[in-house]
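Please read the structure below before turning to the comments.
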Amino acid sequence: MKIFREKIILLSIAILFAIPFTLYQSSRVMAKDDATAIPEKKLKEKKVESIVGSVRSFWKKEKLFYQDKKLDYPPFHVPSRIEQLDMYPCMDCHEETEANADKERVLQDEHENIKLNHGGGRFWCTTCHSFSNRNYLRSFKNKKISFNESYLLCGQCHFKRQKDWFFGGHGKRVDNWNGEKIILLCTECHNPHSPHLKPVAPNPPPEKHMGPYHQKSDVADQSEQKHEESTEHHQKKMVWEKIESNYLRSKRNQ
Amino acid sequence: MSDQKTSSQENKKQQKVSRRSFIKRFGVAGATLAAAGGTSTAVLAAEAAEGSSFGDAFSEYFQSHYRKMTKEEITEALARLERQAKREWEVDIKIEAYPPIDNVVFGYALNISKCKGYRKCVDACKVVNNNSRDPEIEYIRVLEMDTDTKNLEDSNHYYNPKTVPTAGKYYMPVACHHCERAPCVRACPTQATWKEPDGIVVVDYNWCIGCHYCVIACPYWARRYNWKKPSIPKKEINTKTHYLSNRPRYRGVMEKCTFCLQRTRKGQLPACHEACPTGARVFGNLLDPKSEIRYILENKTIFRLKEELNTEPKFWYYTD
Amino acid sequence: MDLVNFFIDSGKEIVRGGKTYWTWLGFLGVVILAGAISFGLQTYYGPLATTGLGEEIPWGIYIANFAFLVGVAAAAVMLVIPAYIFHQGDFKSAVILGESMAAAACITCVTFILATLGRPDRLWHIMPVIGGMNLPTSMLAWDVVVINGYLFLNLLIPFYILYTKYKGDEPKTKVYYPFVIIAIIFAIAIHTVTAFLFSSNVSRPFWNIAVLAPRFIASAFTSGPALIILVLQVIRAKTKFKIDDGLISTLAIVTTISLQINMFLMGSEIFTELYSLTQHTASIQYLFFGIEGHAKLVPWMWMSLAMSFTAVIILSIHPLREKRKLLNIACVLVIIAIWIEKGMGLVIPGFIPTPLGDIVEYLPTIYEVLTMFGIIGIGTLVFTILVKVAIPIELGELRIKKD
């Protein structure tokens, strides 16, 4: 009886500590649109984590996203993505459309301009977009991610990039270098359906001041010539080619 | 007696003749030299003092070195410069002289895996800094390099393909690196260029004599010179200027990238940073341990150009 | 006032001359006028349109001439040292001429620098107390100090000697001897500081070599005495001034030995740089072989080498050196060869390739060449005037009129 009583006491203490923790996590899920409240929550989490040491590992399964304890990224803001989406809220249409499960098909009625070129054929729309609520994106664990926090989605695979992005090694900070940190979301630069950046025409090359002996057309000739030269140069300079020819020559001389 | 008289008369005549010819010849030679020398000086002085009243031109000529001026003198000088700029460019230009922010030393990093060679930074810099369009002055020079080399001598400055990036190339924009041990600061004979407390190497355009020695000393080819009076289209003149950076400049003085100090000393980002579409540029305060630039210096593979020259530049290149 | 009379009499002496003298002055006047007009045009249209200069090549033929003429100025000391240190009598007579040449060369150097400055109207900024002279670290500031000091000394010492002789007294050795020693030190200083002006730049590996200062001194002591030999012969022919043959022979020996040393130093530099063919030696490859099709200076450099070789052969062989005609030819060859090697062949390749690897070539335009001749004409005019006053005083013809 004594042992049983002890077990009940331990279990009730555990439940007492677990309830606020679960409530806190679920409140976090609901407040997904607020992208700026992270540092305070992180502080609170830390406090909570430090108290519930062993229980944390049990609740880690319920934790939404990977959070390295060592990551102490500075707080930041992002410009809203939702305001740029002209078809948002998506549920205006998708409330009434048929749910088509995960079957891959050609988009005919709507969104036919979207060509999915991300994932090498391993992805489909509902890999990233929440099946039940199209106003949100989804994580691998089917938790909802707001469009304003899309970095949490991209960071599931591109976690190294995400770490760099948190700390400033990737992505672009705008407006100021001190004060409120505002950085651009992934989707400001990368089209999530076809993320590879397309080549763009460059701005014109600099003028070459060559004195009155040269014509301005020399520059154009020069740049193209240099381009060809440099590609030739590149081909000639291929390190292994030179080494290969040295090797063949010495072999012939043997 | 008469012989003596005639000889003395002849002597006097000779003296008169020689004096006349003296005056004639020296007069002609002196006048020519004076005319030629005077024309050149007059042209330069007229251009320098173009449109300004005599008082303004006088005070401009005798203006002291910026670092030796008191606050009142600087305010007076700024007002005078604004008047002169208004006369010359017909636009109301504001010239300020706000000091550096405390506990800030600027650093800049550029991701060469990200730079695609668009040259958007080059053009944004030109517009924000009131650079001359003809002759064209661009502070940033983007180098197209083969991916298998770091040799600057194989770089191509004038690449102009249909689209960038070209396969097998990487792109490295180079502007002033604001070295801690800047060779240009040591070389300038009049101390017209110096390093400010926030790390930016600046030029006082009213002190520079245009001897080009700093161009020769700089290992990164970062200094530019105004061979002619700068020409800026009136509509594109940026009216928010700083004495040490982007105010409209004169013929015959040196200039260079100033990390957009008119913007960065107010907390904004440099123009090249704002213009870069790929987010390859990272700017910040090297003394702040939480800044992005510090993260890159601590966590990324970084290098600086010509590091063996020990110039300690504050512009790093890094890769993903 | 003796001083006023001195200047008045000098003025009279300057304008007294025969047909040759006035033809010479007229020729110089035309050259100077052409130079002044072309410099005015250069200023008006801007250097970009009228010269070969540009962002990549900030210094051109003006500084090339500056480097060469600083050597000529320094080499006037070649006459001063034997005269005052070794007390060789036949040199003493020609010292005034040497110092006049040094002063004229200094004035020419200063004018060349003024021609290449962007804002010569702001020259007071370089002064020590009223301006902002950057003394310990800036080599250009040191150059301003030593060149002006040398110019001042080279006007002071002859002025003292000529003035005392004009008054009929003997110049006191005790008075001017210390200044002579200082002038000798300054002579070596001006050329060394000019060499340091180039060699202190780590951004230009072609110049950043230790042997640049010895090369400068060696080539200065080659081209300076060669020029002095030619000028002394002209003066001997045109005026009554006596110049010893021994003086010219000694100067020829100085030229020979300096030329041999200069060729050795140049040879060692060429070997060191062309043996390894690293990226830092791109400039010397450009000079002698051209890079990537850019080869505008290649024929000039080979010509200069050929001239040096010919001159050194003529000068090293004693019987050939004794023949005046061959000596004169050798001197002309030496001057042109050293001008190319130390002037254009030193200043321009320092900018090719640029620190970022760009290659922009440079050739002087007609405006620059005319301005260059104009400024050299100014120097020659100054030399002519100084010598025109000095020779009669030395010969005893021009003396103060005692009433």
Side-chain angles (χ1 to χ4, degrees), chain B residues 18-19 21-22 25-26 28-29 32-33 35-37 39-41 43-45 48 61 65 68 135 137 141 143 151-155 157 174 183 185-192 207-213 215-221 224-228 250-254 306 309 311, chain C residues 11-12 14-16 22 25 29 32-33 35-37 39-40 42-44 46-49 53-56 58-59 113 116-123 125-126 131-134 137-141 143-144 197-198 200-204 279 282 350-351 353-358 374 378 381:
Chain B
S18 66
R19 221 177 285 144
S21 54
F22 172 93
R25 279 151 182 155
F26 260 74
V28 166
T32 329
L33 272 174
T39 336
S40 319
T41 325
V43 167
L44 276 176
Y61 186 73
H65 194 276
K68 289 187 192 160
I137 293 184
R141 183 54 75 97
L143 308 180
N151 180 16
L152 291 177
E153 282 182 29
D154 293 334
S155 66
H157 297 219
V174 179
V185 169
R186 303 171 81 207
C188 178
T190 58
Q191 294 185 37
W207 196 255
C208 173
I209 58 172
C211 67
H212 300 278
Y213 198 36
V215 176
I216 285 158
C218 177
Y220 308 108
W221 195 69
R224 301 284 181 269
Y225 178 71
N226 286 291
W227 296 94
K228 288 202 306 215
Y250 319 103
R251 172 194 173 139
V253 296
M254 311 298 299
K306 305 203 189 193
L309 298 181
T311 48
Chain C
K12 282 191 196 160
I14 291 169
V15 294
R16 177 175 29 227
W22 282 108
L25 278 194
I32 294 174
L33 188 65
I37 290 176
F39 184 68
Q42 183 188 307
T43 314
Y44 182 70
L48 276 184
L53 299 171
E55 213 62 72
E56 293 85 355
W59 280 353
I113 293 204
T116 182
L117 279 185
R119 298 300 297 250
D121 55 315
R122 291 183 185 171
L123 214 49
H125 291 176
I126 211 172
M133 187 176 243
N134 190 7
T137 52
S138 171
M139 286 298 126
L140 198 58
D143 221 6
V144 166
L197 185 81
F198 291 103
S200 61
N201 294 305
V202 289
S203 50
R204 314 280 169 176
Q279 290 155 14
F351 302 119
T354 68
L356 294 183
D358 195 14
I378 291 178
L381 181 68

Item to complete: Would you please classify the geometry between the C:F351 ring and the C:W59 ring as parallel, tilted or perpendicular, with 30° and 60° separating the classes?
Response: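 If you compare the ring of C:W59 with that of C:F351, the planes turn out perpendicular.
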
Worksheet item: Hey, what's the ring geometry for B:W207 with C:H125, parallel, tilted or perpendicular (30° and 60° as the breaks)?
Response: parallel

Fill in: Donor-acceptor pair between B:T311 and B:Y220 side chains, under 3.5 angstrom
yes

Worksheet item: Which region of C:N201, side chain (C-beta onward) or backbone (N, CA, C, O), has a non-hydrogen atom less than 4.5 Å from a non-hydrogen atom of chain B, or is it both or neither?
Response: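 For C:N201, side-chain heavy atoms alone lie under 4.5 Å from chain B.
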
Fill in: Under 4.5 Å from any heavy atom of chain B - which part of C:L197
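Contact with chain B is through both the backbone and side chain of C:L197.
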
Worksheet entry | Lys/Arg cation over aromatic B:W227: B:R224, 6.0 Å, 45° cone | no

Is [X] close to chain C through its backbone or its side chain, or both, or neither, when contacts mean heavy atoms under 4.5 Å?
{"X": "B:V174", "result": "side chain"}
{"X": "B:A187", "result": "backbone"}
{"X": "B:C211", "result": "both"}
{"X": "B:I216", "result": "both"}

Discussion item. Strictly distance-based, threshold 3.5 Å: is any side-chain N or O of C:N134 a donor or acceptor partner for the main-chain N or O of B:Q191?
Written reply: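 Such a contact is absent between C:N134 side chain and B:Q191 backbone.
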
Worksheet item: Is there a donor-acceptor pair under 3.5 Å between the side chain of B:K228 and the backbone N or O of C:A49?
Response: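 No, because the side chain of B:K228 does not come within donor-acceptor range (under 3.5 Å) of the backbone of C:A49.
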
Discussion item. I need the residue from B:G210, B:P183, B:P189, B:P219 with the largest number of non-hydrogen atom pairs under 4.5 Å to chain C.
Written reply: B:P189

Worksheet item: Counting heavy-atom pairs under 4.5 Å to chain B, which of C:R16, C:Q42, C:R204 comes out on top?
Response: C:R204

